[in-house]
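Notes for the one structure printed next.
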Amino acid sequence: MTKLNLYLVRHGQTYFNIYNKLQGWSNSPLTDKGKQNAVNAGKMLQNVHFAAAFCSDTTRAQETIKKILSMNKADSVKTATYSPYFREEFYGVFEGTNMSLAWEMAGLPHGYKSFKEIVTAHSIGTAKDYLHDADPFHQAENNQMYWERVNKGLALIQNSGLHDGDNVLWISHGNTLLSLVERFGQGKYDVTERPANGSLTKLIMDGDQISVAAYNQTKLEK
């Protein structure tokens, strides 16, 4: 059974991050700070050998991973596999909406005013379901739709011919990181606040079992 070390980095800061907008599948460019986030992550991981790299096909994720791989000094792969399987949650009609307003609209029919209130009372999965229900087009991904897609990304990594002990770089998104940590973190981490742009989260994929080894690091701790 192959055991893999997954190094997940949240993409650098974007303009939508500054404006507190849900960006999901939308493309918002990296800010100057976001480009520095990518550089900082590149420095943190420059001596880690990556046997493979995977990335959301959004531009903010692609720009982040290209910078990290270009700075690597450990004879890592030079290119990444881009796939929509690794995208952020699709927010449907709420794409580009102020984040606080969107989650309030999703939560109010159920008595909650924010993402934090929904997640504290229930889960991130419930928050996804509420947002889907609040979308008049019902195109925002609910929890089942979301995981059906992301599970294909996990399978893609697992079935990529990697070897036991290999390190894998994966550029991800805020809500996706929270969703992974909620699902596999055994309740040890606060998933009501998004991880920092450019931060590192480590998962261990051991066959079909996944565990969280570290969350929201800004420096590499071995």
Side-chain angles (χ1 to χ4, degrees), residues 6 8-11 16-17 20-26 54 56 58 61 84-158 170-197 199-217:
L6 307 185
L8 285 78
V9 176
R10 187 184 177 196
H11 62 78
F16 271 25
N17 289 149
N20 195 38
K21 291 178 178 289
L22 292 178
Q23 54 192 324
W25 290 11
S26 302
F54 297 88
S56 160
T58 56
Y85 297 154
F86 301 113
R87 288 181 188 174
E88 179 63 289
E89 177 184 357
F90 181 51
Y91 296 116
V93 76
F94 296 105
E95 293 273 322
T97 301
N98 177 275
M99 191 179 299
S100 300
L101 176 61
W103 289 117
E104 183 178 19
M105 292 174 68
L108 277 179
H110 310 276
Y112 306 107
K113 296 181 180 179
S114 67
F115 177 81
K116 185 171 185 176
E117 286 188 8
I118 298 169
V119 175
T120 299
H122 298 285
S123 66
I124 295 174
T126 299
K128 288 177 170 58
D129 290 342
Y130 286 176
L131 199 72
H132 171 82
D133 292 343
D135 180 352
F137 297 95
H138 298 301
Q139 292 178 342
E141 287 181 315
N142 63 22
N143 196 49
Q144 180 179 347
M145 296 162 65
Y146 174 81
W147 282 113
E148 284 179 353
R149 176 174 59 81
V150 175
N151 282 339
K152 293 176 182 177
L154 294 173
L156 179 61
I157 294 173
Q158 192 173 41
W170 175 359
I171 304 304
S172 191
H173 301 269
N175 189 288
T176 291
L177 281 166
L178 291 177
S179 300
L180 288 164
V181 169
E182 180 181 70
R183 179 176 174 183
F184 301 115
Q186 300 181 327
K188 297 178 182 178
Y189 305 92
D190 180 7
V191 293
T192 63
E193 300 290 341
R194 278 172 168 73
N197 293 104
S199 65
L200 171 67
T201 296
K202 293 178 68 177
L203 303 184
I204 306 298
M205 177 183 279
D206 191 355
D208 293 331
Q209 302 298 312
I210 298 177
S211 59
V212 179
Y215 174 61
N216 197 25
Q217 292 183 338

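The figures here come from the full heavy-atom set of this structure, side chains too, leaving out hydrogens, waters and symmetry mates.
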May I have the step-by-step check of side chain to side chain contact (heavy atoms under 4.5 Å, CB included) for Phe115 and Ile124, ending in yes or no? CA-CA 8 Å; Phe115 177 81; Ile124 295 174; 4.1 Å; yes

Answer whether the closest heavy-atom distance between the side chains of [X] and [Y] falls below 4.5 Å.
| X | Y | result |
| --- | --- | --- |
| Thr201 | Tyr189 | no |
| Gln23 | Thr58 | no |
| Ile157 | Phe86 | yes |
| Thr126 | His110 | no |
| Arg10 | Asn17 | yes |
| Ile210 | Leu154 | yes |
| Asp206 | Ser211 | no |
| Leu108 | Lys113 | yes |

Is a donor on one side and an acceptor on the other found under 3.5 Å between the side chain of Glu182 and the backbone of Ser123? no

N/O donor-acceptor pair under 3.5 Å between Asp129 side chain and Asn143 backbone: yes

Can you tell me how far [atom2] of [Y] sits from [atom1] of [X], rounded to the nearest 0.5 angstrom?
| X | Y | atom1 | atom2 | answer |
| --- | --- | --- | --- | --- |
| Tyr91 | Trp103 | OH | CH2 | 5.5 Å |
| Ser172 | Leu178 | OG | CG | 9.5 Å |
| His122 | Tyr130 | NE2 | OH | 4.0 Å |
| Glu141 | His132 | CD | NE2 | 10.5 Å |
| Gln209 | Phe184 | CD | CZ | 9.0 Å |
| Leu177 | Arg194 | CG | CZ | 10.0 Å |

Specify the closest pair of heavy atoms between [X] and [Y], including all atoms of both residues, with the distance to one decimal.
| X | Y | result |
| --- | --- | --- |
| Ser199 | Pro195 | OG-CB, 3.7 Å |
| Gly92 | Asp135 | CA-OD2, 3.6 Å |
| Pro136 | Val93 | CD-CG1, 3.7 Å |
| Ser100 | Asn20 | OG-ND2, 3.4 Å |
| Ala134 | Ala106 | CB-CA, 3.9 Å |
| Phe94 | Ala102 | CD2-CB, 3.9 Å |

Evaluate Asn197 against His11 for side chain to side chain contact (heavy atoms under 4.5 Å, CB included), listing each step before the verdict. CA-CA 6 Å; Asn197 293 104; His11 62 78; 3.8 Å; yes

Check whether the side chains of Tyr146 and Thr176 place a donor and an acceptor atom closer than 3.5 Å, and report yes or no.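 Judged by distance alone, the side chains do pair up.
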
What residue among Glu89, Lys128, Glu88 forms side-chain hydrogen bond (donor to acceptor under 3.5 Å, both in side chains) with Ser179?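 Filter result, single survivor: Lys128.
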
Determine whether more than 12 heavy atoms belonging to other residues, nucleotides or ligands lie under 6.0 Å from atom CD of Gln158. yes

Ring-ring centroid check Trp170 Phe54, cutoff 6.0 Å: no

Cation-pi check for Phe90 against Arg149: NZ or CZ below 6.0 Å from the six-membered ring centre and within 45 degrees of the axis, yes or no? no

Kindly write out the residues that satisfy side chain to side chain contact (heavy atoms under 4.5 Å, CB included) with Leu101, not counting sequence neighbours, or none if the list is empty. Thr97, Asn98, Glu104, Met105

Given the rule in the side chain to side chain contact (heavy atoms under 4.5 Å, CB included) test, do Tyr215 and Lys188 qualify, once you have shown the distances and angles that lead to the verdict? CA-CA 10 Å; Tyr215 174 61; Lys188 297 178 182 178; over 6 Å; no

